[in-house]
Amino acid sequence: HYIYCLNRKNGTLIWKFKTGFEVDCSSAVIDGRVSFGGEDGFFYCLNFDDGSLVYKTERLGSMEGSFAAVDGRIYIGTEHGELYCLEMRDGSTVWKARIGADSDSTPAVVNGLVYTAAENGAVYCFRQSNGELVWKYQALGGTTKDRSGFWASPVVVNDRVYIGSSNAHMYCLTAGGGEVVWRRRVRAPIWGTAPLVDGRLVFGDKAGWLYSISADDGSLISELKIGDNINSTPAVLGGRIFVGAFNGKLYCVR
């Protein structure tokens, strides 16, 4: 139920702040403030220096995904199926849009549009200015109990939207209309997000495989079995891929 601030050199505790329930959301430090959403239903803003509370919003609904901060506003989805746009300075609601299902995705805000996805197997595009729905893509199929739901976050690059589904497909959609450009089947559900680096999408699946595929056409570049279920989003830096798995190990791959 806590968020922590640690000394990065030696790991000693600087401060901690207790919320009303679990914290799955990532925090962001912007202009001397720490912002994050909680599963207790509140969005929080703390002072970076001492962890004291600046504000906490009205109850919005449990937030398990993280948020985007763009142009002084926060964009975040809730378990209750709402997408919120909040003023960063005070947490007030600018608008909210109905998604219709639990959303674990971190929204992507690009060219005046907000992209997100939900556990009902749909990818959504809303207008950044007012929350108006622009398009919705419904994924179908899947052999797992979760079917075609989305737990991953959309990545939007060069007018394309990339996102993996629990139906074990990686999707590439047009950013303007949500049409399918390509989709690629892998071995198991994809819950982690796929960063795009040097024209390649890098992601893991729940069977423990790590993939690198072409962002252009979805063709396979490489694959490697590294362990158990991979829910985490890989980090790609300096020609290496860093990713954690359910077997308790952190991997570094060329």
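None of these values were measured; they are calculated from a predicted model.
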Open item on the list: Main chain of Phe42, side chain of Asp40: is a donor-acceptor contact present, judged purely on distance under 3.5 Å?
Closed with: yes
Task: Backbone N/O of Glu64 and side chain of Glu39: donor-acceptor pair under 3.5 Å - done: no
TODO: Kindly work out whether a path of hydrophobic side-chain contacts (I/L/V/M/F/W/Y, heavy atoms less than 4.5 Å apart) joins Val29 to Trp15.
DONE: yes
Task: Ile30-Ile76 co-clustered via ILVMFWY side chain contacts under 4.5 Å - done: yes
Task: Exceeds 12 heavy-atom contacts within 6.0 angstrom, atom CG of Leu250 - done: yes
Task: Residues that Tyr44 engages under ring-ring contact (aromatic ring centres under 6.0 Å, His included), provided they are two or more places apart - done: Phe17, Phe36
Open item on the list: Tell me every residue that passes side chain to side chain contact (heavy atoms under 4.5 Å, CB included) with Asp31, counting only those two or more places apart in sequence or in another chain.
Closed with: none
What residues form a side-chain hydrogen bond (donor to acceptor under 3.5 Å, both in side chains) with [X], not counting sequence neighbours?
X      : result
Tyr251 : Asn247
Asn10  : Thr12
Asn229 : none
Ser62  : Glu79

Task: Verdict with supporting geometry, Tyr137 and Glu179, side chain to side chain contact (heavy atoms under 4.5 Å, CB included) - done: CA-CA 8 Å; Tyr137 172 77; Glu179 298 92 359; over 6 Å; no
Open item on the list: Going by ring-ring contact (aromatic ring centres under 6.0 Å, His included), Phe203 matches just one of Tyr171, Tyr211, Trp209. Which one?
Closed with: Tyr211
TODO: Assess the side chains of Asn167 and Ser165: does a donor N or O sit below 3.5 Å from an acceptor N or O?
DONE: yes
Open item on the list: Just by distance, no angles: are the side chains of Ser92 and Glu87 close enough, under 3.5 Å, to form a donor-acceptor pair?
Closed with: no
